[in-house]
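Here is how names work: the chains are called A, B, and so on, in the same order as the sequence lines, proteins then strands, and each is numbered from 1.
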Amino acid sequence: MINYDYSAIEKKWQKIWDDNDTFAAKNDYSLPKFYGLVEFPYPSGQGLHVGHPRSYTAIDIVCRKKRLQGYNVLYPMGWDAFGLPTENFAIKNHIHPSIVTENNIANFKRQLKSLGFSFDWNREVNTTDPSYYKWTQWIFLQLFKKGLAYKSQMAVNWCTSCKCVLANEEVVNGVCERCGSEVVQKEKSQWMLKITDYAEKLLDGLEDVDFIERVKTQQRNWIGRSYGTQVTFSTNIGDTFEIFTTRADTLFGATYMVMSPEHPLLEKWADKIENYDEVLAYKVEAAKKSDFERTELSKDKSGVKLSGVTAINPVNNTEIPIFISDYVLISYGTGAIMAVPAHDTRDWDFAKKFGLPIIEVVKGGEDVQKAAYTDCNDGVLVNSDFLNGLSVEDAKKKIQEWLCEKGLGFVKTNYKLRDWVFSRQRYWGEPIPMVYCEKCGYVPLDESELPLMLPNVDSYEPTDNGESPLAKITDWVNTTCPHCHGPAKRETDTMPQWAGSSWYFLRYCDPHNDKELASKEALEYWSPIDWYNGGMEHTTLHLLYSRFWHKFLYDIGVVPTAEPYAKRTSHGMILGENGEKMSKSRGNVVNPDEIIDNYGADTMRVYEMFIGDFEKAAPWSQSSIKGSKRFLDKVWGLFDIISDGEGYRKELETEFHRTIKKVTEDIEGLKMNTAIAALMSLYNTIQATGKITRDEFKTFIILLNPFAPHITEELWTMAGFDGMLNETKWPTYDEAKCIDATVEIVVQINGKIRARLNVDANISAPDAIALAKSEEAIVAEISGKNIVKELYVPKKLVNIVVK
RNA sequence: GCGAGUGUGCUGGAAUAGGCAGACAGGCACGUUUGAGGGGCGUGUGUCCAUGACGUACGAGUUCAAGUCUCGUCACUCGCACCA
């Protein structure tokens, strides 16, 4: 028996695949295609950890199977290489970020190749390559031309450690998503992308795609559509203001109003508000609090009542007080609300604290003086004049009609989604191709000027004054206006990391094109991505952003499909052995290099797929991996028991057909663990017979090939089969042959098992029951008893109910 | 607080148009192989008062039959979090 030298075998096949471009996608657009995609990594200095390959292996398996099934497969890989860690490392070690990136990529690439993924390396992309970011900048210019990129002075999230602005999506629990430092609000002029214009399309598009439900739900929540009414309230000083409500039916229960402390009308009313000092003081206090603190303190409501200015409820002309309170957000709706304490917990809390009246307008709950009755869709309107007696639903319609008629309101849809803050005050990102001219304002660079290269500098430390490091390079900053040719300055902020990753999957279709981001033909052929797997953490970041860009590109005729991804799945994390998230600080990181050295890439792949439910987090186990190695050792041993004989042996035929079916279907359903289990079972059956026919061996190693590509190629060659395994056909199964001729059924008396029988699989119900009743053990059970019911579940059981 | 999901041996996990719970692995125990190793092979491994009974977080229910369906409780995970 030849030794299973996984190291030599894996290196050998990786070289053969490399030398022959075995897995290069073909440019023959007449073939059926399959585009499988995994999120391209950020090439960090730490290198790959064992979490990365879980996703890559799963889709690699799908792609390898699809190739054997005759598809022209595109399975590409690239580098999302702009970003802060590289820049920080570069600053610390005085190495240029581009060199750091190059080194990291080389290491990542070596690691990925050592795992035997069937990536098409000819299509590798790198977001920091000017020939790539030329098109990132080009897309930005298109967004600008369509009015979807604009500059705005506003309060933004500022990470105190990165010294950089963050998008709302990048702030998690009030801290920076990347570094965990405190995020404060800072007034700054920023480039913004109008993702809100696409809120509707981003929501509706979810109906047409095959994304796992969690992803859809999360995106829906993030976009946060709500249907309601915008209502105009007048005031005692003549001015009017608007509020948004989803519960216009409760208008008669509005006993006070609340404005956000940042509401612009407050300034306008400065001389009318008698306690304006107090208002200003409150505003300053609110501004000091971070988002996190505002949330934390949510239970304890605070606020200031405006004196001198009151509101008038349009439905009954009642004069009601106006408060300012930080529980109303300036960024949502109109920044002002009507408060209905009887039917909203927040308003109720506030009303209790400030001693405001609570008027019940929907009957059906408990005493509204004791708690707000919010879940009141079944209630009936009371204390509401012309709405009395109506259901909530009818009352909403009626009041909306009434408001519309009087010109006091209109139906409105609101979204939680906000525009995307697109500027970053850092060096290592795509320069924004805009020029500021005193005369012409912001002027886009001409497309012929692209790419606008990131200038080489000696110092790229972030600054405390909120300016990009690029601002210091005066000879780069100072330029001429593309419009009037007068003196002008370049935009010095760069794009966020999410820019390059928002369209990379398009570039893979035609990565070397220097005329367009990708040719029409290539995009027509490869779009949409058939299967995209990635992390849940990107659901409201990369996944949402890239859908937005794609929809925009679709609208301007650049891409052929409205949605980029036909199918989206998500993998669970690989945790450390102690069940905690792998991290350097916890000291529980497992390096794939080490696993490959000790067990081989095939074992690593099989283990990561066998570890458990693909969608769930799973702890790494150093001892469990041995099981996968043992399995491959045993498979290797099959070579020694290959014997003569054609086809599948009679006694194994059913199991072979069933296993082919199971593995084929499980791969499509990402149930890699049960596919491997089925192969292990099949092995156990074969092993018990002491031999394997050539045809059986062939089928077995083809089925195992997507999981363990190196060992199976080697065995294929050793067995002398034609060509290479990756050029063969995926085995097929016959549904009819998946069923045994005879099956064991159980016989139950009152649901308790009392006997087992071997019967013909197609036995009729009466025959099965008769047979069961003739069984010795059953006769004893039923004699002298009254049979109430008899039933036969085909291929499963007979149950006799007696009294 | 809201939303989504999960709960099965010592461990990872199988089993859903309701039909033999614990597949397949890991671990452990015992045996074996006189190549002492992170080796191979074999056997066993849910619980108990053991010809049988009980058992899928807990408590009820529907059913001939429930891990699977219904109601309630508890625990955990993830997401959102004053979104009017």
Side-chain angles (χ1 to χ4, degrees), chain A residues 172-174 213-222 224-226 228-229 243-248 250 254 258 260 291-292 294-299 301 325-329 331-340 343-347 349-350 374-375 414-418 536-537 539-540 572-573 579 598-599 606-607 610-613 615-631 633-634 637 671 673-684 744-753 756 788-802:
Chain A
V172 178
N173 291 331
E213 213 45 48
R214 291 188 287 161
V215 169
K216 287 192 184 185
T217 313
Q218 247 180 69
Q219 289 210 345
R220 282 193 193 111
N221 289 346
W222 189 260
R225 173 161 59 192
S226 51
T229 318
I243 61 104
F244 174 75
T245 178
T246 55
R247 293 298 308 275
T250 62
V258 188
S260 160
D291 269 3
F292 187 62
R294 269 171 85 143
T295 313
E296 278 300 286
L297 300 168
S298 66
K299 269 147 211 127
K301 296 278 183 290
S325 173
D326 61 6
Y327 87 89
V328 173
L329 309 174
S331 51
Y332 183 77
T334 63
I337 61 154
M338 66 168 191
V340 185
H343 304 288
D344 182 287
T345 30
R346 296 153 302 174
D347 296 345
D349 289 344
F350 192 89
T374 54
D375 189 20
N414 257 331
Y415 298 92
K416 287 189 210 173
L417 186 70
R418 300 184 220 160
M536 278 309 287
E537 69 275 19
T539 303
T540 54
M573 239 189 302
N598 292 336
Y599 301 96
V606 169
Y607 172 62
F610 190 59
I611 199 166
D613 187 332
E615 286 196 10
K616 280 200 218 137
W620 183 266
S621 162
Q622 209 62 250
S623 70
S624 292
I625 194 168
K626 282 188 243 161
S628 300
K629 176 64 163 53
R630 271 178 212 154
F631 174 57
D633 284 339
K634 290 186 210 166
K671 295 181 164 199
N673 54 338
T674 48
I676 293 167
L679 286 167
M680 287 173 167
S681 285
L682 180 59
Y683 168 85
N684 291 342
E744 190 190 67
I745 62 166
V746 298
V747 183
Q748 300 177 332
I749 301 296
N750 292 344
K752 307 277 182 215
I753 298 160
R756 288 164 191 279
V788 181
K789 196 168 186 173
E790 304 168 325
L791 42 111
Y792 173 61
V793 181
K795 300 179 189 97
K796 301 276 185 197
L797 55 76
V798 168
N799 190 11
I800 299 166
V801 187
V802 297

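Spacing between atom CD of A:Gln219 and atom C1' of B:C80 amounts to 14 Å, rounded to whole angstrom units.
With sequence neighbours excluded, the residues satisfying ring-ring contact (aromatic ring centres under 6.0 Å, His included) with A:Phe350 are A:Tyr256, A:Phe323, A:Tyr327, A:Phe354.
Of the candidates B:C24, B:C20, B:A84, the closest approach to any side-chain atom of A:Thr246 belongs to B:A84. Set against B:A81, B:C64, B:A25, the side chain of A:Trp222 has B:A81 as its closest nucleotide. For A:Asn799, taking side-chain heavy atoms from C-beta onward, the closest of the listed nucleotides B:A23, B:A15, B:C64 is B:C64. Out of B:G19, B:A84, B:G27, the shortest distance to the side chain of A:Ser226 is found at B:A84. Considering only the side chain of A:Lys634, B:C41 comes nearest among B:G3, B:C41, B:A23. Here the side chain of A:Met680 is nearest to one of B:A25, B:G3, B:G19, namely B:A25. With distances taken from any side-chain atom of A:Tyr327 to the nucleotides B:C20, B:C64, B:C82, the minimum falls on B:C82. The side chain of A:Tyr332 approaches B:A84 more closely than any other nucleotide in the set B:C82, B:A84, B:G27.
Summary of the strand contacts: A:Gly335 and A:Ser621 both lie near RNA chain B, and taking for each the nucleotide with the nearest heavy atom, the more 5' one is attributed to A:Ser621. Summary of the strand contacts: A:Lys671 and A:Val801 both lie near RNA chain B, and taking for each the nucleotide with the nearest heavy atom, the more 5' one is attributed to A:Lys671.
Checking the phosphate oxygens (OP1, OP2) of B:G27, a side-chain nitrogen or oxygen of A:Lys626 falls inside 4.0 Å. Between A:Arg630 and B:G26 there is a side-chain polar atom (N or O) within less than 4.0 angstrom of OP1 or OP2.
Within 4.0 Å (heavy atoms only), A:Lys416 reaches at least one base atom of the nucleic acid. Within the nucleic acid shown, A:Thr540 has no heavy atom closer than 4.0 Å to any nucleic acid atom. Across all strands shown, A:Gln748 has heavy atoms under 4.0 Å from base atoms, whether or not it also approaches the sugar-phosphate. Within 4.0 Å (heavy atoms only), A:Asn414 reaches no atom of the nucleic acid at all.
Spacing between B:G7 and B:U45 at atom C1', rounded to whole Å, works out to 24 Å. Across the C1' atoms, B:C20 and B:A36 are found 44 Å apart, a figure rounded to whole Å. Rounded to whole Å, the separation between the P atoms of B:G27 and B:A15 comes to 23 Å.
Between the side chain of A:Tyr599 and the base of B:G38, at least one donor-acceptor pair of N or O atoms lies under 3.5 Å. At a cut-off of 3.5 angstrom, the base of B:C80 holds no donor-acceptor pair with the side chain of A:Asn221. One can find a donor-acceptor pair under 3.5 Å joining the base of B:C82 and the side-chain atoms of A:Lys301.
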Base-contact (B) and sugar-phosphate-only (S) positions in nucleotides 9-14 of chain B, heavy-atom cut-off under 4.0 Å, - elsewhere = ---BSS

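Within the 3.5 Å criterion, the main-chain N or O of A:Leu791 finds no donor-acceptor partner in the side chain of A:Asn799.
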Are A:Thr539 and A:Gln219 close enough, and set up right, to give a side chain to side chain contact (heavy atoms under 4.5 Å, CB included), and what steps lead you there?
-> CA-CA 7 Å; A:Thr539 303; A:Gln219 289 210 345; 3.7 Å; yes

Secondary structure of RNA chain B in dot-bracket form (Watson-Crick or G-U wobble, distances below 3.5 Å, | marking inter-strand pairs) = (((((((..(((......[....)))(((((((.....)))))))(((...)))..(((((..]....))))))))))))....

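For A:Met338 against A:Thr250, the heavy-atom pair with the smallest separation is CE-OG1, 3.7 Å. In terms of heavy atoms, A:Phe610 sits closest to A:Ile676 at CD1-CG2, 3.7 Å. Of all heavy-atom pairs spanning A:Ser260 and A:Val328, the tightest one is CB-O, 3.3 Å.
Shown here is A:Lys671, whose NZ atom has no more than 12 heavy atoms of other residues, nucleotides or ligands within 6.0 Å.
For the pairing with A:Ile337, the side-chain contact (heavy atoms from CB on, under 4.5 Å) check across A:Thr245, A:Leu329, A:Asp344, A:Val258 returns one residue only, A:Val258. Partner of A:Tyr607 under the ring pair (Phe, Tyr, Trp, His ring centres under 6.0 Å) criterion, out of A:Trp620, A:Phe631, A:Tyr599: A:Trp620 alone.
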